[in-house]
Amino acid sequence: MFDVVIRGGVLVDGTGAERRPADVAIEGGRIAAITEPGGLDAAVSAGEVDRVIEAEGLIVAPGFVDLHTHYDAQAFWDPTLSPSPLHGVTTVVAGNCGFSIAPLSGDPADGEYLMRMLARVEGMPLESLAAGVPWDWRSTAEYLDRLDGTLAVNAGFLVGHSALRRAVMGHDAVGEEADDEQVEAMAHLLGEGLAAGGLGFSSSWATTHSDGAGDPVPSRHATHDELVRLCSVVREHPGTALEFIPTVGPFSDEHADLMADMSLAADRPLNWNVLVAANARSADDVAQRLSASDRAAERGARVLALTVPDLMRIRLCFLTGFLLDTFPGWAKVMTLPADEKLVALADPDVRRRLIEGVESPEAGPFARIAQWHRMTIEEAFTDETKRHEGRLVGDVAAEQGKEPFDALLDIVVEDGLRTVILPPQSGDDEDSWALRAQTWRDPRVILGASDAGAHLDFIATFNYTTAFLGDSVRDRGLMGLEEAVHKLTDVPARLYGLTGRGRLAEGWVADVVVFDPERIAPGPVGMRADLPAGAARLYSEPEGVEHVLVNGVEIVGPGATFTAARPGTLLRSGRDTETVTLGDGRIP
């Protein structure tokens, strides 16, 4: 007996091999047989199959693997981890950037701090984090046990540095250097988390990562030696991995050497986030940051960049203030409670100081975004402001006889801070797409970095898989389908040592996506108010994704509809993963 037979489709098995017509049989959550077309008809005719999926004209591929998500909190209120599975994702890794939500020390202030940190740095509504997450565990083991058996997709969780620092150092985690005893206490907690099944260690030195008070997150106060010591703990636990954000913008020698030292201490490849979709104007910056991989390789280390293959179309909103808070002098205003922020943004003196910050010599790499006159008003919320939707701020300002920044903030204040604005899009030209395709094939680069579950009003890169296969692969012809599927499945699975996942082969786990190659694409992106406490998020359904199976059980059916099944595996290091060392020839 077979549980499922998928017949009449075209197999793209994830290895990069040429597609071929094939029928696929699934039994007990694994691929039981792959045959020539019609090879399973006898079993179907004899009633030896519980379910038949007709896949004529469709591609049958491994489920996509997303190594960089932030579903740590959403997992408690949304066991489907939507919308990722709608876009063919069957396996996710969370706890990235040092932002896991375990361990906790038992002090209620820890949970409160992490909530406010996630709300600030990852754009998750604070009210949803408070209403939707219990915050009643202490160890990583307890956290993982709470989620085990509840999810629709396979999910693994890294142990985050900021959570470790907060659990050990309390308030001193921000602003203080850890002493030897505190570093060893963190190492002990990390070891416990990895022994319980945490998939690895994550951290961040990113200058954009600030907590709920506008201060650098705990991991940004860690020394080189602290990071290397914690990475040495990873070496002691099988099936574990490393993720890190060294900075925003060009890497210094310090950043490159640190990543190499971390990789060597752990005896693991390290992936860093994020190499933003390259464009022709940033070619030198891309080359400079990828050179960190060459520097690491000279010492026997392995450093890889995570990149989103699609253009990152960002949406700015003064309510959350993400990215805006990186401008000099802006953080304290952007972290004010909403009512106080409204008063501040209506004050001419505050507006003047904000403009001075953007125009100051200390303005960072994102200051170039602050071309207010070129921004488009994407979404407004009152009868007075809605008439400006789709217009450039500069045109509105000229019509009203105002400076563009004043015209924009008048709309923002009228909207109660909810206005959504779009900076001008760059990199949508042939030279930039050619550079992007070259980057995808670079052995120093891994596709991923969706940030799904985070930045809920800022970016919609959770749909990068369908966007990549639709726009870049089919429409632009920048990569063959077989190679593209390989990049989305087998490559990330092998990097993290996911046992039996990432390919469709007999005996391997039946994580499968069935899609129409002529239709696959992301659907329209819009706000959807389905979070706890009534908060909203960006959401997009797909086109052309017909079936998604996890461990042989369908979780998404035709019409992008979720089933009630929750067959996902809580991936635990050493049990569901194998060790990938620096000397491992299987590393992509």
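Along the sequence shown, the residues carry numbers beginning at 1. Values in this document were obtained by computation on a predicted structure and should not be read as measured data.
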### Task
Please report the shortest heavy-atom distance between L230 and V183, naming the atom on each side.
CD2-O, 4.3 Å
### Task
Taking all heavy atoms of P103 and all of S139, pick out the closest pair and write down the distance.
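That closest heavy-atom pairing would be CB-CA, 4.3 Å.
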Heavy atoms of other groups near [X] [atom1], more than 12 under 6.0 Å:
| X | atom1 | answer |
| --- | --- | --- |
| E177 | CD | no |
| D180 | CG | no |
| H171 | NE2 | no |
| R235 | CZ | yes |

### Query
Centres of the W272 and F244 rings: under 6.0 Å?
no
### Query
Do W330 and F322 have their ring centres less than 6.0 Å from each other?
no
Tell me yes or no: between the side chains of [X] and [Y], is some donor less than 3.5 Å from an acceptor?
| X | Y | value |
| --- | --- | --- |
| Y539 | D530 | no |
| R501 | N551 | yes |
| T240 | H237 | no |
| N96 | S202 | no |
| T465 | H87 | no |
| D107 | S105 | no |
| T499 | D576 | no |
| H188 | E184 | no |
| D66 | T91 | no |
| H455 | E122 | yes |
| R537 | S82 | yes |

### Message
Could you tell me if R166 sits above the aromatic ring of Y113, with its cationic atom closer than 6.0 Å to the ring centre and no more than 45 degrees from the axis?
### Response
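Judged by the rule (NZ or CZ under 6.0 Å from the ring centre, within 45° of its axis), R166 counts as positioned above Y113.
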### Query
Between S450 and V308, is any pair of side-chain heavy atoms under 4.5 Å apart?
no
Is [X] salt-bridged to [Y], cutoff N-O under 4.0 Å?
| X | Y | result |
| --- | --- | --- |
| E356 | R352 | yes |
| D325 | K332 | no |
| D253 | R295 | yes |
| D347 | R351 | no |
| D145 | R572 | yes |
| E379 | R418 | no |
| R220 | D215 | no |

Give, for atom [atom1] of [X] and atom [atom2] of [Y], the distance between the pair rounded to the nearest 0.5 Å.
| X | Y | atom1 | atom2 | result |
| --- | --- | --- | --- | --- |
| M262 | H224 | CE | NE2 | 9.0 Å |
| E298 | D294 | CD | CG | 7.0 Å |
| I245 | T208 | CD1 | OG1 | 7.0 Å |
| S210 | M334 | OG | CE | 13.0 Å |
| R444 | L304 | CZ | CG | 10.0 Å |

### Message
If you apply the rule side-chain hydrogen bond (donor to acceptor under 3.5 Å, both in side chains), what do you find for S84 with Y71, and how did you get there?
### Response
CA-CA 10 Å; S84 288; Y71 280 127; 2.7 Å; yes
### Task
Carefully, step by step, assess D457 and T320 under the rule side-chain hydrogen bond (donor to acceptor under 3.5 Å, both in side chains).
CA-CA 8 Å; D457 68 340; T320 58; 3.2 Å; yes
### Task
Kindly indicate, with the supporting measurements, whether the criterion side-chain contact (heavy atoms from CB on, under 4.5 Å) is fulfilled by M117 and H209.
CA-CA 9 Å; M117 179 186 73; H209 283 170; over 6 Å; no
### Task
Given side-chain contact (heavy atoms from CB on, under 4.5 Å), test L114 with R116 step by step and report yes or no.
CA-CA 5 Å; L114 292 184; R116 294 187 178 279; over 6 Å; no
### Task
List the steps and the verdict of side-chain hydrogen bond (donor to acceptor under 3.5 Å, both in side chains) for H161 and S219.
CA-CA 6 Å; H161 194 179; S219 62; 5.1 Å; no
